[in-house]
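Here the structure comes first, spelled out in structure tokens, and everything after it is commentary.
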Amino acid sequence: MERKTLKQEKEQDEALVREALLGLSRSYAPYSHFHVSAALLCGDGSIYTGNNIENAAYSATVCAERCAFFKAVSEGKREFAAIAICGGKDGEAEDYCPPCGVCRQVMREFCGPSFRVLLVKGTGERREFTLAELLPESFGPDNLG
Ligand code: THU
């Protein structure tokens, strides 16, 4: 992963937050009307977006975070620095939208403990966590030996 200055990291975070908020309008959520959007920052500086995609057979729904990861991984990306996530009823990101357990586990597959998760509100307010904080004592690839 490229080494970044603090200024570069701040600028990338701003871009990530912007992309996540922009992506809310692409959510496909005709059943829950709960729109979620994510923007994933790769180790090479590229950004992959994702949004939730619901299905009439509800369990076939995919979350925004996994959509972003699967797009990036399927394009060959394997190093990730951060993800910005926002969401809310009818696309109004009034509150923070934390990632579900399954999405945290998918992050665990590809990311180290210091991977950063930015939760973003429509106002631009944000909270930042590491993956280790969101998924302590986790099971990962190393457990399989
Ligand atoms: N959702 C996500 O996209 N990400 C999460 O981490 C939590 C939930 C979506 C799935 C479903 O389309 C809607 O939010 C309501 O659960």
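Hydrogens, waters and symmetry mates are skipped; everything else that's a heavy atom, side chains included, is used. All ligand and atom numbering here is 1-based and tracks the order in the structure.
- Note that OG of S37 and CD of E65 are 9.0 Å apart. Values are rounded to the nearest 0.5 Å.
- Of all atoms in ligand 1, numbered sequentially from 1 with element shown, those under 4.0 Å from a heavy atom of E54 are 11 (C), 12 (O), 13 (C).
- Remark: K89 NZ is packed, more than 12 non-hydrogen atoms of other residues, nucleotides or ligands lying under 6.0 Å away.
- Ligand-side atoms of ligand 1 in range of T61: 12 (O), range being under 4.0 angstrom from any heavy atom.
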Could you walk me through whether E75 and K71 pass the salt bridge (Lys or Arg N to Asp or Glu O under 4.0 Å) test, one step at a time? CA-CA 6 Å; E75 297 277 329; K71 281 170 68 179; over 6 Å; no
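- Taking only nitrogen or oxygen atoms, main chain and side chain alike, S32 does not reach within less than 3.5 Å of ligand 1.
- Remark: R108 engages D142 in a salt bridge, criterion side-chain N to carboxylate O under 4.0 Å.
- Residue N52 has at least one heavy-atom neighbour below 4.0 Å for each of these atoms of ligand 1: 3 (O), 9 (C), 11 (C), 12 (O), 13 (C), 14 (O).
- Between F69 and F80, the ring centre distance stays below 6.0 Å.
- Residue P99 places a heavy atom under 4.0 Å from ligand 1.
- The nearest heavy-atom contact from the protein to atom 3 (O) of ligand 1 is A64 N, 2.9 Å.
- Atom numbering of ligand 1 starts at 1 in the shown order; those under 4.0 Å from a heavy atom of V36 are 1 (N), 2 (C), 3 (O), 4 (N), 9 (C), 14 (O).
- Heavy atoms of C100 found under 4.0 angstrom from ligand 1 belong to the backbone as well as the side chain.
- Taking each heavy atom of V120 and A93 in turn, the nearest pair found is O-CB, 4.5 Å.
- Atom 8 (C) of ligand 1 has its closest protein heavy atom at C63 SG, 4.0 Å.
- The closest donor-acceptor contact from the side chain of N52 to the backbone of A29 lies at 3.5 Å or more, if one exists at all.
- A salt bridge links R126 and E14; the closest N-O separation between the charged side-chain nitrogens and carboxylate oxygens is under 4.0 Å.
- Distances from atom 1 (N) of ligand 1 to the protein include at least one heavy-atom value under 4.0 Å.
- The atoms of ligand 1 that sit less than 4.0 Å from any heavy atom of E65 are 2 (C), 3 (O), 4 (N), 5 (C), 6 (O).
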